[in-house]
Amino acid sequence: MSDTGYLPKEKIKDFLKELAKDAVVYAPCLEGDIVLFRPFSEERTLCLDRPANTPPKSVIYPQSETLFAFQYKKAPEDHQKMSVELKADIGVPNMVIFGARPCDAKGFRIYDRVFIETNTPDPYYRKRRENTLIVTLSCAAPSPGCFCVAVGGGPAHKEGSDVMMTELEGGYVIEPVTEKGRAILGKHVIEDGKPYLKDAQHVQAKAHDEVRNPFAPDELPKISQSLFNFDGFWEQVVGKCVSCGACTYLCPTCYCFNITDEQGIGSGERVRSWDACMFFHFTLEASGHNPRPTKFQRFKNRVGHKFIYYPEKYEGVIACCGCGRCIRYCPVNVDISEIVNYLKDTHQELHWASSRKEGTQPTVGSTKDE
Amino acid sequence: MNNAEQIKETIARIFPDVETVICYQQGFDGLHATPYFISIPEQVNKLIWNPLCAQNLTSYLPSIKKKVGIVVKGCDSRTIIQYLQEGLIDRAKVVIIGVPCTGVISVKKVLREIGHQPVVDVVFDDNGNIVVKTQKGEKRLAIADVCPDKCTTCQYPTPLVYDHLIGEPIASNKPKEDVYKDIREFDAKTLEEKRAYWEKEFERCIRCYACRNACPMCICQDSCIAETREPHWISQRLSLQEKFMFHMIHAAHLAGRCVECGECERVCPMDIPVAKLKKKINAEMKELFNYETGVNPDDKPPMYTFNVDEAKIKEHKL
Ligand code: SF4
Ligand code: SF4
Ligand code: SF4
Ligand code: SF4
């Protein structure tokens with residue numbers, strides 16, 4: 001068996017059907033004018049020509065999931081006595097994510113370190129992750145806002161994927177990345193892809209050159225701590241933010257969650273749901289005190305988590321894969337790459353400080369300057 | 001002198017009097033404008049004024065305590081009037097630069113037309129078109145075909161309240177009867193059809209609350225019951241029920257207050273037509289109380305008052 005496969009375009013539905021025999025296949029489907037990962041079926045319209053509006057993160061890390069159900073029980077002999085019965089169900093089917101983009105797949109690696117590669121792995125996440133095959137489509141061209149190459153990724157970056165597909169005129173070249181992914185080559189509709197491999201690599205290299213790098217080329221952005229901790233900076237750069245959850249909920253690397261007991265009468269469920277550091281309630285304490293009452297402090301956390309705290313904890317890995325969604329879909333066009341670019345420059349602190357006094361915005365380091 | 005130049009000149013003039021001016025600058029690509037807060041006159045050189053300036057900037061006003069200048073279109077000015085009716089801003093602390101408007105761009109509609117390609121360049125010609133260049137070629141689109149729905153029935157292209165007017169006032173040429181035409185058409189659907197429609201739409205909602213946070217008239221903000229645990233009306237489950245509940249509350253709280261600016265719909269990353277719900281309620285408000293939001297600072301929103309004898313409500317007489 002060759003190491004490379006080839007899927008002719010006209011066989012793509014047959015391929016998905018074959019995969020669907022023993023797994024639920026999530027694929028990017030057109031819904032109105034937007035693209036969402038949905039369990040694929042004949043009636044749906046596959047859309048592979050642009051990244052989906054939402055990353056496939058919810059397949060492995062659902063927006064809301066029941067950790068366990070609980071029920072209070074009175075003891076039959078003594079009604080004063082109560083016991084609680086817990087029921088957890090982590091049954092997960094086999095799943096395939098088809099048509100993720102390299103940034104989406106890399107996002108799962110960000111989660112793996114937090115939910116699996118720790119002393120206390122999360123059984124829910126782990127089970128789903130293990131049961132899921134990720135078939136990624138490399139990007140032939142960048143989408144508005146994306147900057148994967150600037151944060152250690154790229155339009156054909158393989159981290160997190162089991163299989164990498166690259167589109168050519170008549171079909172997709174299929175490169176297995178993991179052992180799990182190799183099994184794909186044995187599917188009926190997959191042909192030998194060796195003759196096409198060179199072409200695929202050419203497409204990948206070309207795409208790589210087209211992605212913008214807002215930071216210094218060839219190095220990951222280093223944040224200036226002093227500027228990062230200067231409140232005036234945040235007040236100037238995120239005054240327009242409306243503090244919603246669009247950026248975090250659409251982000252393939254944001255994983256913060258909330259845990260709530262959703263009570264009924266005598267029973268209920270413990271639910272884990274996505275939370276967003278941009279919300280006021282995120283850090284609201286039971287006492288009523290809120291350590292991050294302003295949107296500036298909250299935005300600072302979002303940037304800090306991705307570009308400082310996570311890298312500190314996980315060997316320099318930046319927890320942003322540059323997918324550009326938070327830029328594309330932000331209601332007011334807040335651009336995280338622009339902000340990180342400002343923060344990179346250690347010499348700008350004074351500039352910001354004085355500009356604040358004079359009420360100006362800096363004119364150096366801005367990606368929007370004339 | 002074009003409008004952008006006149007706006008810049010006006011801003012330079014009002015400056016010693018205000019601390020900040022809220023206007024627009026170019027966003028992350030050629031198709032997006034973004035809010036621009038300037039605090040010294042020299043910064044105006046980056047200001048832009050063109051049909052991409054669709055966002056309703058007045059949403060920022062209630063949270064700003066200092067004296068500000070703001071650039072508003074006709075529709076945006078209705079928000080200011082509604083604020084004044086509800087006592088949410090101090091008129092003396094706002095300097096309004098009004099710009100008569102011939103229609104703005106819906107980025108979502110343009111993206112649909114250009115197949116969501118990244119844009120290389122965007123220009124506006126003198127015949128009311130936007131010309132969008134992508135890798136795949138050039139597309140010339142009539143602004144009238146890619147404007148937000150609100151522009152197609154706009155009654156107030158010239159700001160209803162301002163301190164400085166840029167250029168000449170424009171009168172609306174759109175029939176008043178058409179404002180709620182879409183709502184009346186929707187009303188004709190059966191209950192089942194409506195239910196199916198909204199279930200399909202809300203199913204996509206990710207509860208990011210962009211619609212709420214961008215809404216100028218959503219004033220509860222950090223205390224919104226969508227997130228509070230006390231009262232605990234909405235759970236964190238992602239069910240259709242919870243999403244419905246949030247949207248019904250949003251709509252109900254906007255009854256006779258929504259200024260139909262369309263921000264909620266413009267910002268929704270899931271493309272959900274959330275403004276339609278509020279417009280429907282506004283249509284009823286017009287019908288019941290002959291009240292239109294944001295047109296007269298001396299009006300009182302119907303939900304802020306109570307009359308025992310309402311001319312068009314008979315139920316209490318049963
Ligand atoms: S950056 Fe944009 S998407 Fe994120 S919270 Fe602010 S307004 Fe919402
Ligand atoms: S922070 Fe923005 S660009 Fe980075 S991964 Fe998240 S959504 Fe994508
Ligand atoms: S902006 Fe859209 S997706 Fe977000 S909460 Fe509102 S309707 Fe839902
Ligand atoms: S509900 Fe929507 S249309 Fe109405 S005022 Fe709020 S954002 Fe504007």
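Below, chains carry the letters A, B, ... as their sequence lines are ordered, and counting in each starts from 1.
Geometrically, A/K295 does not engage A/W234 in a cation-pi contact, judged by NZ or CZ lying under 6.0 Å from the ring centre and within 45° of the ring axis.
With respect to chain B, the highest number of heavy-atom pairs below 4.5 Å among A/L36, A/I34, A/D33 belongs to A/D33. Most heavy-atom pairs under 4.5 Å with chain A, from the set B/E263, B/R212, B/K108, B/H32: that is B/H32. In terms of heavy-atom pairs under 4.5 Å with chain A, the best-connected choice from B/A210, B/S223, B/C268, B/S63 is B/A210. When each of A/T248, A/V242, A/D49 is checked for heavy-atom pairs under 4.5 Å with chain B, A/V242 comes out on top. Taking chain B as the reference chain and counting heavy-atom pairs below 4.5 Å, the highest number among A/E65, A/R50, A/E262 is found for A/E262.
Applying the salt bridge (charged side-chain N to carboxylate O under 4.0 Å, His left out) test to residues at least two apart or on different chains, the pairs with a partner in residues 15-27 of chain B are B/D17-B/K67.
When ring centroids are compared, B/Y60 and B/F37 come within the 6.0 Å threshold.
A/R328 is linked by a side chain to side chain donor-acceptor pair (under 3.5 Å) to nothing, counting only residues two or more places apart in sequence or in another chain.
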- Message: Set out, in order, the CA-CA distance, both residues' side-chain angles and the distance that settles ring pair (Phe, Tyr, Trp, His ring centres under 6.0 Å) for B/W198 and B/F244, then state yes or no.
- Response: CA-CA 9 Å; B/W198 285 115; B/F244 243 107; 7.7 Å; no
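Of the two parts of A/D261, only the backbone, made up of N, CA, C and O, holds a non-hydrogen atom closer than 4.5 Å to a non-hydrogen atom of chain B. Contacts of A/P142 with chain B are made by backbone atoms alone, with heavy-atom separations under 4.5 Å and no side-chain atom involved. Proximity to chain A is absent for every atom of B/S59, based on heavy atoms less than 4.5 angstrom apart. Heavy atoms closer than 4.5 Å to chain B are found nowhere in A/L284, neither backbone nor side chain. With a 4.5 Å cut-off on non-hydrogen atoms, A/S143 touches chain B through its backbone but not through its side chain.
The aromatic rings of A/Y61 and A/W274 lie tilted to each other, with the angle between the two planes from 30° to 60°. Between B/H250 and B/F246, the ring planes are tilted. Angles from 30° to 60° get that label.
The interface of residues 199-207 of chain B with chain A, defined by heavy-atom distances below 4.5 Å, comprises B/E203, B/R204, B/I206, B/R207. Residues of residues 263-273 of chain A having a heavy atom under 4.5 Å from any heavy atom of chain B, listed by number: A/E269, A/V271, A/S273.
Counted by atom type alone, B/Y24 and B/K46 present zero donor-acceptor pairs between their side chains at under 3.5 Å.
Salt-bridge annotation for B/K73 and B/D76: present, with a side-chain N of the basic residue lying under 4.0 Å from a carboxylate O of the acidic one.
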